[in-house]
Amino acid sequence: MKKYHLKTTFSFKPSIDYAAHLNAEQLAAVTSGDGAALVIAGAGSGKTRVVTYRVAYLIDKGIDPSRIMLLTFTNKAAREMLHRVEHLIKGESRRVWGGTFHHIGNMVLRRYGSAIDLNSNFTILDREDSKALIESCVAELKLRKDKMFPKGNVLMDAISHSVGTERPVTDEIAENHSHLMMYAEEIEHVKVRYDAKKKEMNLADFDDLLFLWKKILLDVPEIREKLSQRFLHVLVDEYQDTNRIQAEIVDLMAMQHKNLMVVGDDSQAIYSFRGACFDNIIEFPDRYPDTTVYTLTTNYRSTDEILYVANASIAHNSRQFPKELHSTNRTGPSPALVPLKNLSQQAEFICQRILDLLDEGVPMQEIAVLYRSHYQSMDLQMELTRRRIPYEVRSGLRFFEQAHIKDIVSYLRAILNPMDEISWTRILKLTPGIGNVTARNIWKAISEKEHPLETVMSGEILKRVPKRGRENWEMFRNNFEGLEEEGVLNSPADSIRQLLNNGYDAYLQGNFENYEDRKEDIEQLSNYSNNFSSTREFLSDLALLSNVQSEDIVEPDEKGDTIVLSTIHRAKGLEWSRVFIIGLADGSMPSARSLGDPEKEEEERRVFYVGLTRAKDELYLCYPVMDNRWYDGAIVKRPSIFIQELQEDSYEKWEIEE
């Protein structure tokens with residue numbers, strides 16, 4: 001008779017030597033027993049390695065892979081982790097329920113959706129589908145009579161955040177979309193109609209995949225018990241980025257066995273603007289009193305000098321799991337603190353230092369410039385272009401390729417050159433009710449006149465505007481109020497500010513979900529235009545630089561190498577040998593909108609911390625001493641409070657000589 005020996009917790013002999021692959025901190029987390037576990041994984045401490053080896057360890061220990069759930073924030077992350085598990089233990093890792101919350105939610109709803117009257121063959125709406133359906137609801141409710149009523153993408157953003165944070169739309173708008181407050185009640189009606197239409201048409205958007213998953217768990221006890229009984233172990237990656245509804249789903253899925261391991265770093269919780277809930281990770285031990293906390297503090301990325309600054313900075317936060325990162329005995333130069341005269345000198349310094357680093361043999365792809373907000377990269381993009389240094393913008397489009405910047409530039413060009421058909425057509429089509437054909441007809445009429453702007457302001461063109469666009473024609477004319485050619489010619493900064501105040505600000509609010517960021521971009525464009533004596537000179541400079549870009553001079557070299565420009569938010573999880581953090585001045589970092597709010601200020605410090613810990617070998621902290629904002633004029637800026645908090649022995653101060 002053949003005997004087959006089953007593994008038990010007492011006879012378990014691992015198939016691989018985990019101690020040989022993991023440090024002591026990692027090993028303790030990976031080989032932990034049952035129950036709730038919180039793994040605080042400091043920056044660069046091997047978080048992904050811990051999650052991967054934990055799954056491998058559970059399967060190696062004899063846990064059925066189909067009874068393990070791994071929740072991640074990208075399907076790519078889940079695939080890569082499970083692929084590594086497959087290589088480690090040659091087990092059936094494909095049977096693990098691994099993927100994003102939305103991916104797993106879809107699987108659950110396909111199997112059990114009928115319990116809440118959701119047909120299993122429901123269609124998932126993508127972003128464009130959702131926007132179109134919301135616009136349909138707006139039309140049915142006859143809300144578009146108000147010419148400034150927000151567009152579908154703006155409404156979708158507010159509605160989506162309210163679902164993830166589990167609070168009424170009106171509360172979400174009051175907190176994060178205050179410029180929409182006048183429409184809060186109507187937007188609530190849109191949400192009600194939108195939800196009803198989805199149900200009628202057997203549709204589900206991405207938010208529904210979570211909302212309905214939770215609904216099944218709450219409303220159908222037998223399914224909740226079945227699912228929570230099935231999954232012996234639940235693991236969650238990047239737990240600090242979960243929103244309220246995701247954390248509640250996790251709690252419900254793990255309620256039977258309580259074998260829940262969440263991995264993340266409270267010091268890198270920087271996505272509250274997306275609905276992430278910091279309380280999820282910071283209060284985890286309160287929700288699970290028997291939690292074992294494992295802290296990973298060995299950083300495999302940065303030098304001791306960089307970690308000294310990072311540790312000193314984050315120590316000023318009161319709500320955190322205290323930890324002090326240490327390197328693997330790596331040393332390097334102290335971070336450089338570089339005060340610059342103004343934004344122009346900041347851009348010049350960075351470009352010159354980049355060229356020095358390239359001469360030293362540092363690969364382009366190992367150099368990054370990080371910033372708090374996208375608008376802070378404008379002067380740098382211009383200087384990189386002038387110096388023919390290839391760069392890649394990870395934080396969005398290149399500054400002058402963005403729609404709102406092109407709109408403002410088109411207004412200025414149209415006023416100065418009545419024969420600029422492209423600019424006239426672009427700005428005409430910003431007006432509701434005016435499409436391609438009407439825009440071309442209006443431009444033709446304008447171009448035939450000796451004084452095109454006077455023609456527009458006189459109302460002579462109104463007869464060429466279709467009925468549905470006539471009520472908005474006055475709005476178009478208002479944009480030009482006070483912008484006669486002479487005024488535009490002499491002061492581009494004043495003209496940009498006037499365009500914003502005359503009506504373009506209202507257009508931004510109704511058409512873009514990131515209204516405040518785009519307004520900051522336009523303010524920065526105005527500040528930059530102060531460097532020119534006339535609008536013609538300003539526009540000529542922009543055109544010449546755009547032409548440089550179109551000639552591929554700032555595209556990747558033959559190796560595909562580029563300097564990386566990115567917001568710190570987009571840089572999370574990445575690393576570079578040399579990192580510049582720019583704009584570290586009061587009001588820019590931390591963001592002016594966070595001042596006076598302790599929770600927001602602490603999140604801003606976490607943003608700074610994430611930026612610091614992207615650097616492996618060298619770190620440059622830069623701030624302009626002088627700033628020229630249109631609402632303040634030229635003012636002297638103090639370094640960021642995050643810089644002021646640092647001990648002077650933690651950095652080397654550089655003095656720039658011209």
- Judged by modelled atom types alone, do Q246 and E248 share a side-chain donor-acceptor pair under 3.5 Å? no
- Message: For E200, is there an ion pair with R193 - N to carboxylate O distance below 4.0 angstrom?
- Response: yes
- Message: Any carboxylate oxygen within less than 4.0 angstrom of a Lys/Arg side-chain nitrogen, looking at K191 and E172?
- Response: no
- List the steps and the verdict of side chain to side chain contact (heavy atoms under 4.5 Å, CB included) for V293 and F284. CA-CA 10 Å; V293 179; F284 187 84; over 6 Å; no
- Message: Any non-hydrogen side-chain atom of D195 less than 4.5 Å from a side-chain atom of K199?
- Response: no
- Item | Interatomic spacing from CG in L38 to CE in M261 - rounded to 0.5 Å | 9.5 Å
- Query: With distance as the sole test, does N280 use its side chain to make a donor-acceptor pair with the main-chain N or O of T242 at under 3.5 Å?
  - Reply: yes
- D129 with K197: basic N within carboxylate O range, under 4.0 Å: no
- Query: Does L82 reach the side chain of R94, with side-chain heavy atoms less than 4.5 Å apart?
  - Reply: no
- Would you call the rings of H569 and F273 parallel, tilted or perpendicular if under 30° counts as parallel and over 60° as perpendicular? perpendicular
- Message: Would the distance check show the side chain of R394 and the main-chain N or O of A571 forming a donor-acceptor pair, the cut-off being under 3.5 Å?
- Response: no
- Task: Considering only NZ, NE, NH1 and NH2 on the basic side and carboxylate oxygens on the acidic side, decide whether R127 and E513 come within less than 4.0 Å.
- Result: yes
- Query: Quick check: are there more than 12 heavy atoms from other residues, nucleotides or ligands sitting under 6.0 Å from CD of E599?
  - Reply: no
- Note on the structure: Note: L217 and R224 closest approach over all heavy atoms is O-NH1, 2.7 Å
- Message: Please evaluate residues N243 and Y271 with respect to the criterion side-chain hydrogen bond (donor to acceptor under 3.5 Å, both in side chains), reporting the C-alpha separation (whole Å), side-chain torsions for both, the decisive distance (0.1 Å), and the verdict.
- Response: CA-CA 9 Å; N243 61 25; Y271 292 124; over 6 Å; no
- Residue F211 excluded, over 12 heavy atoms near CZ under 6.0 Å: no
- Query: Of all heavy-atom pairs between V50 and V30, which one has the smallest distance, and what is that distance?
  - Reply: O-CG2, 3.6 Å
- Note on the structure: Rounded to the nearest 0.5 Å, the OG atom of S591 sits from the CG atom of L595 at a distance of 7.0 Å
- Item | Electrostatic pair E25-K323, nearest N-O below 4.0 angstrom | no
- Query: Within a radius of less than 6.0 Å around CD of Q647, do more than 12 heavy atoms belonging to other residues, nucleotides or ligands occur?
  - Reply: no
- Just by distance, do the side chain of N75 and the backbone of T100 share a donor-acceptor pair under 3.5 Å? yes
- Query: If only atom types and distance count, is the side chain of T74 paired as donor or acceptor with the main-chain N or O of A77 below 3.5 Å?
  - Reply: yes
- Query: Atom CD1 of I116 and atom CG of D219: how far apart are they, to the nearest 0.5 Å?
  - Reply: 7.5 Å
- Message: Do L209 and V108 make a side-chain contact, defined as non-hydrogen atoms from C-beta onward lying under 4.5 Å apart?
- Response: no
- Item | Between S318 and E602, a side-chain donor and acceptor under 3.5 Å | yes
- Atom CD1 of I367 and atom OG of S577: how far apart are they, to the nearest 0.5 Å? 8.0 Å
- Note on the structure: Interatomic distance, CG@L584 vs CD1@I643, rounded to 0.5 Å, equals 5.0 Å
- Task: Could you label the plane-to-plane angle of the H177 and H161 rings as parallel, tilted or perpendicular, counting under 30° as parallel and over 60° as perpendicular?
- Result: tilted
- Task: Look at the aromatic rings of Y371 and H374 and report parallel, tilted or perpendicular, splitting at 30° and 60°.
- Result: tilted
- Message: Are the side chains of S640 and P590 in contact, using a 4.5 Å heavy-atom criterion?
- Response: yes
- Note on the structure: For A43 and N299, the nearest pair of non-hydrogen atoms, with its separation, is O-ND2, 2.5 Å
- Message: Under 3.5 Å, is there a donor on one side chain and an acceptor on the other for Y609 and N317?
- Response: no
- Looking at side-chain heavy atoms only, is the closest gap between S313 and L646 below 4.5 Å? yes
- Lys/Arg N to Asp/Glu carboxylate O, K572 vs D241, below 4.0 Å: yes
- Message: Counting neighbours of CZ on F122 that are heavy atoms of other residues, nucleotides or ligands and sit closer than 6.0 Å, is the number greater than 12?
- Response: yes
- Note on the structure: From the list L307, T303, T298, side-chain contact (heavy atoms from CB on, under 4.5 Å) partner of S327 resolves to L307
- Message: Within this structure, what is the CG-CG distance for the pair D64 and L232, rounded to the nearest 0.5 Å?
- Response: 8.0 Å
- Is any side-chain N of the basic residue among R330 and D617 closer than 4.0 Å to the acidic one's carboxylate O? yes
- Is R606 close enough and on-axis enough to F278, meaning under 6.0 Å and within 45°, for cation-pi? yes
- Message: Within the 3.5 Å criterion, strictly below it, is a donor on D205 or S130 matched to an acceptor on the partner's side chain?
- Response: no
- Could you go step by step and tell me if K214 and D207 meet the salt bridge (charged side-chain N to carboxylate O under 4.0 Å, His left out) rule? CA-CA 11 Å; K214 180 188 167 187; D207 295 316; over 6 Å; no
- Salt-bridge present (K47, D237; N to O < 4.0 Å): yes
- Task: Check whether more than 12 heavy atoms from other residues, nucleotides or ligands sit under 6.0 Å from atom CD of E283, and answer yes or no.
- Result: yes
- Task: Might you work through the side chain to side chain contact (heavy atoms under 4.5 Å, CB included) test for T48 and R84, ending with a clear yes or no?
- Result: CA-CA 10 Å; T48 300; R84 292 182 195 176; 3.5 Å; yes
- Query: Which residue, V579, V309, I581, forms the side-chain contact (heavy atoms from CB on, under 4.5 Å) with P335?
  - Reply: V309
- Does any non-hydrogen side-chain atom of V564 lie less than 4.5 Å from one of L574? no
- Short side-chain donor-acceptor distance under 3.5 Å, S272 and E603: yes
- Task: Without swapping roles, check the side chain of H233 against the backbone of M69 for a donor-acceptor pair under 3.5 Å.
- Result: no
- Message: Quick one, R230 with S66, criterion side chain to side chain contact (heavy atoms under 4.5 Å, CB included). Give me CA distance, side-chain angles, the key distance, then yes/no.
- Response: CA-CA 9 Å; R230 169 175 180 163; S66 68; 3.8 Å; yes
- Message: For W213 and F101, take the angle between the two ring planes, folded into 0 to 90°, and tell me which bin it lands in: parallel under 30, tilted 30 to 60, perpendicular over 60.
- Response: tilted
- Task: Describe, in one word, how the ring planes of Y18 and Y53 are oriented to each other, choosing from parallel (under 30°), tilted (30 to 60°) and perpendicular (over 60°).
- Result: perpendicular
- Give the minimum heavy-atom separation between S594 and E604, together with the two atoms involved. OG-CG, 3.4 Å
- Run the salt-bridge test on R319 and D279 with the 4.0 Å N-O cut-off and return the result as yes or no. yes
- Could you walk me through whether N514 and R518 pass the side chain to side chain contact (heavy atoms under 4.5 Å, CB included) test, one step at a time? CA-CA 6 Å; N514 55 344; R518 292 181 187 253; 2.8 Å; yes
- Query: Taking side chain as C-beta onward, heavy atoms only, is V190 less than 4.5 Å from V169?
  - Reply: no
- Note on the structure: Closest heavy-atom pair, Q240 versus D265, reported as atoms and distance to 0.1 Å, is OE1-N, 2.9 Å
- Closest non-hydrogen atoms of A78 and T72, given as atom of the first, atom of the second and distance, are CB-OG1, 3.5 Å
- Is there a side-chain contact between R54 and S32, using heavy atoms and a 4.5 Å cut-off? yes
